[in-house]
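Taking it in order: structure first as structure tokens, then the write-up.
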Amino acid sequence: MRTKDLLAAIATGLWRWDNASGRVTLDAEAARLLGLPARPTVLSEAAVRSRFHPVDYTEINGVINLAVAEETLAEARLRIVDERGRVLRIVRSRSRPQPAGDGGYELVGTLQEVPEPQPGTSAAHTPITGDWRRSREAFLLDAGRALAEARSTAEVLRVAAGLSMPGFMPDGLAVFGIEGDRITVIGHHGHRPGDERPFLDMPMTTEYPAVEVVRTGRAIYLPTPDAYRRRFPESWPLVSGFRRTSWAFLPLVNAGRTIGAWMAGFVQPVTFTPDERSVLTTVARMLAQALARAGVQESQQELAVALQRSMLPTVQPDIPGMSVAARYVPTGGGLEVGGDWYDMIPLPSGRIALVIGDVQGHDVRAAGLMGQLRIALRAYAAEGHHPDAVLSRASRFLAGINDTATRGQRADQRFATCLYIEVDPATGLLDIARAGHPDPAIRATDGTMLVRPTAGGLPLGIDPDSDYPTTRLVLEPGETMLVCTDGLIETGGHDLETGWARLRGIVEAHDGGYDGESLDRLADALVQAVHGPFSHHTTGPLIDRREDDIAVLLLSRAGGSCGVGTGGRLAPRPVRRTVLNIAQAEPERIAEARRQIRDLLHDWADPDQVDSAVLMVSEMVTNVLMHTDGDALLIAEISGAAGGRRIRVDVADGSDELPHRRSPGELASSGRGLVLMDLLAGAWGVDPRGDGKSTWFELYEDAGEAAGPASPGPDGEESVPASASASESAA
């Protein structure tokens, strides 16, 4: 009996479906099962599709695609309908895809009628419902989105472990990678620590499912322990202790190359129907793509960070009497490189130069310019130039690079901000030159943080002839200086004012130690406060807040808050101190002087006294700028314990002309300054100096001292009480 006669006798039809040409060849029995006349025929793909229920046609497409990918048998149940859509019968299709030309395939298989289950009996396999398919599609969409958001191998494995597959949920997962001619476990879930040891290093000749999957590129499904034991008897003793009943091993293929294998183990029996294999295969493809993306990103990040770190120095921990801490955090976008840098340069004079800066941009060119600029600054500093000369030369250097690199086209010219500080470790003297960079901040010995305004010029590279005036400050014993790039201040949508306010809370809450370990803790706390939760290590609603590079330098001077006075007695040092120079050409800095006084008195008991101090400072500085030809030097100091503190403010100028009390008329616009001093100050006076004079006032937190006798001046001399006139004080 011929084969086709035998198949016809058992009501089984043959069909051949050519995907490339869209033609379907049916024998007589196959045509009958499809509701057509019982004779051999050739139909178009559309004509055959019209005989299938629409839902079932969608299902068989997925089953066929899975069989083509796995080179396995495609099996599905199909409902045959008539012209009105009524179901005539249910048939089972079993076919094997065969490759055809032009990347297509040809299905060759059988069709056989399946009887409807009778009431009271259970069918061996029930048709998959549309609800299950919708659940599967929703699961795959969620899984794809979660895997696409994963940015590291650890995140990919965590997402894979949390996938809840519809209808069947693996209780153990493992991902195997390829290292040369060996297989190793790169991540697992659902196992005890140490369970992975036997699988960490397996040669390609090992009789283990994952190894065979990597060798062949084909999935292996083991629905029962017996199936596992028969096929892989050598590795069965290694897995029998896990108490699982079904296993699926699938290749991880990316860009046509097998990069590993994925194992899903099940405690509940799984038959691995075409639908279940389809879900597992789709997840494996997405997992392979996610792992490949994560590997590329991690390699790029490792390379970029190594490049950036190689261009940053190691801070010198053994400066006599001082401690230094530094941090650099790259941006979260692109290659994670940028133009922020810091440096620490030993100078020929024995001093130390601290440099921090930011080249415009977050790309490779910014990192390259940063490296060139850092080398140039080191060279100029090593020649012994003063801070202003170092920045002037660096600005000309960067402007020359811009002209050479861009050939005069200003579209891609870069600039850089920079703060250059020359430090004398013995005295705490700081000579500061600033090129468009944020000002430094000082943490006083009582924990108060003050942003210290400094003179500055344009960013480097904009004008090769820019001038960079210097500012001189003193870092008192026990004080800490913070310098940083704008990424630390402005990340998270902050401006300079709100950004400094955020950092002030962190700095003032610090324990205040000046040793290296304490500074390291403060540096970590500053970065953590800006970045918030490490959201760039997880997926989900939290966003990556690494919007900009961050560079931080902390410098602390050892010592306490007391020094030795005359006769060997301990003399109280100011617990807070600020110094500000206001040039004749910078009257706008009077507002900065008022702001400095308010910051200095932020926790003063009497707010009226704070307003009085601000008013008197404004009056004293304005008088210097209006009635002399020189600059005003403001020095404000607070000393004493809380509740009984004293603030002394000195405004010095280079003029020998002393102020005199006047009696201004009712409509006069000036002449009331000394009257205000009499009314508001606890004590005030004018001290002639060899190179000018100093006008000063004092306020006392304890209001009872405001009208008391003369208070001792800074040198032990009696100061004139508030009732004394300016002329008497000067005399």
Side-chain angles (χ1 to χ4, degrees), residues 319-325 352 354 421 423-432 439-454 471-484 500-501 503-523 525-526 552-566 568-580 595-605 610 613 634-650 698-702 712 714:
I319 303 176
M322 290 188 167
S323 299
V324 183
I352 300 293
L354 297 180
I421 306 172
V423 183
D424 185 349
T427 63
L429 194 66
L430 309 176
D431 288 320
I432 303 173
D439 287 306
I442 303 293
R443 183 187 189 275
T445 54
D446 71 338
T448 302
M449 190 192 89
L450 297 173
V451 179
R452 300 297 294 270
T454 57
T471 301
R472 175 165 289 186
L473 302 177
V474 176
L475 191 66
E476 301 287 351
E479 291 186 339
T480 300
M481 179 179 65
L482 161 66
V483 293
C484 62
W500 277 123
L503 299 180
R504 179 176 287 111
I506 304 301
V507 173
E508 294 182 351
H510 182 58
D511 59 15
Y514 54 82
D515 59 298
E517 182 179 350
S518 178
L519 282 189
D520 283 334
R521 291 198 305 271
L522 177 56
L526 288 168
V552 184
L553 263 177
L554 295 169
L555 175 69
S556 183
R557 187 179 178 196
S561 59
C562 291
V564 179
T566 59
R569 294 178 301 172
L570 290 179
R573 288 186 180 274
V575 294
R576 295 182 204 167
R577 188 171 189 267
T578 187
V579 180
L580 182 64
R595 184 161 53 250
Q596 282 286 297
I597 296 300
R598 285 200 180 275
D599 288 344
L600 201 68
L601 295 169
H602 72 95
D603 59 350
W604 198 261
V610 176
L634 169 68
I635 302 175
E637 299 176 347
I638 296 180
S639 59
R645 291 175 291 183
R646 179 191 71 174
I647 179 171
R648 180 183 175 97
V649 179
D650 286 83
E698 292 180 354
L699 289 174
Y700 310 102
E701 198 170 21
D702 182 353

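When a residue number appears, it is its place in the shown sequence, counting from 1.
In this structure Arg645 satisfies the salt bridge (charged side-chain N to carboxylate O under 4.0 Å, His left out) test together with Asp603, Glu701, sequence neighbours excluded. Checked against side-chain hydrogen bond (donor to acceptor under 3.5 Å, both in side chains), Thr471 has no partners two or more places apart in sequence or in another chain. Residues that satisfy the side chain to side chain contact (heavy atoms under 4.5 Å, CB included) test with Asp424, not counting sequence neighbours, are Arg351, Ala426, Thr427, Leu429. Legend: residues meeting side-chain hydrogen bond (donor to acceptor under 3.5 Å, both in side chains) with Arg504, ordered by chain and number and at least two apart, are absent. Trp500 pairs by the side-chain hydrogen bond (donor to acceptor under 3.5 Å, both in side chains) definition with nothing, not counting sequence neighbours. Under the rule for a side-chain hydrogen bond (donor to acceptor under 3.5 Å, both in side chains), the partners of Asp446 that lie at least two apart in sequence or sit in another chain are Thr448, Arg576.
Between Arg577 and Glu637 there is a salt bridge, with a side-chain nitrogen of the basic residue lying less than 4.0 Å from a carboxylate oxygen of the acidic one. A salt bridge links Asp431 with Arg472: the distance from a Lys NZ or Arg NE/NH1/NH2 to an Asp or Glu carboxylate oxygen falls below 4.0 Å.
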- side-chain contact (heavy atoms from CB on, under 4.5 Å) evaluation trace for Met481 with Leu430: CA-CA 10 Å; Met481 179 179 65; Leu430 309 176; 3.7 Å; yes
- Task: List the steps and the verdict of side-chain contact (heavy atoms from CB on, under 4.5 Å) for Leu354 and Leu555.
- Result: CA-CA 9 Å; Leu354 297 180; Leu555 175 69; 3.8 Å; yes
- Task: Given side-chain contact (heavy atoms from CB on, under 4.5 Å), test Val483 with Ile421 step by step and report yes or no.
- Result: CA-CA 10 Å; Val483 293; Ile421 306 172; 3.7 Å; yes
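Looking only at distances, a side-chain donor or acceptor of Asp439 sits under 3.5 Å from a matching main-chain atom of Thr454.
Of all heavy-atom pairs between Leu580 and Pro453, the closest is CD1-CG, 3.2 Å. Among all heavy-atom pairs drawn from Leu699 and Ala613, the shortest one is CD1-CB, 3.7 Å. In plain terms, the two heavy atoms of Ala523 and Leu554 that are nearest each other are N-CD1, 3.7 Å. Contact between Val324 and Leu519 at its shortest, heavy atoms only, is N-CD1, 3.9 Å. Of all the heavy atoms in Val610 and Arg598, the pair that sits closest is CG1-NH1, 3.7 Å. Closest approach of Glu479 and Ile442 over heavy atoms only: OE1-CG2, 3.7 Å.
With contacts defined as side-chain heavy-atom distances shorter than 4.5 Å, the pair Tyr700/Ile647 does not qualify. Within the 4.5 Å cutoff, the side chain of Leu482 has no heavy atoms near those of the Pro440 side chain. A 4.5 Å side-chain heavy-atom check between Val649 and Ile635 finds every atom pair outside the cut-off. Counting heavy atoms from C-beta outward, Leu473 and Arg452 have side chains that approach closer than 4.5 Å.
Between His510 and Thr480, the side chains place no donor N or O within less than 3.5 Å of an acceptor N or O (distance only, hydrogens not considered).
The distance from the OG atom of Ser556 to the CG atom of Leu475 is 7.0 Å, given to the nearest 0.5 Å. Between Ser323 atom OG and Arg557 atom CZ the span is 12.5 Å, to the nearest 0.5 Å. Between Leu450 atom CG and Glu508 atom CD the span is 8.0 Å, to the nearest 0.5 Å. The line from CD1 of Ile506 to CG of Leu522 is 9.0 Å long, rounded to the nearest 0.5 Å.
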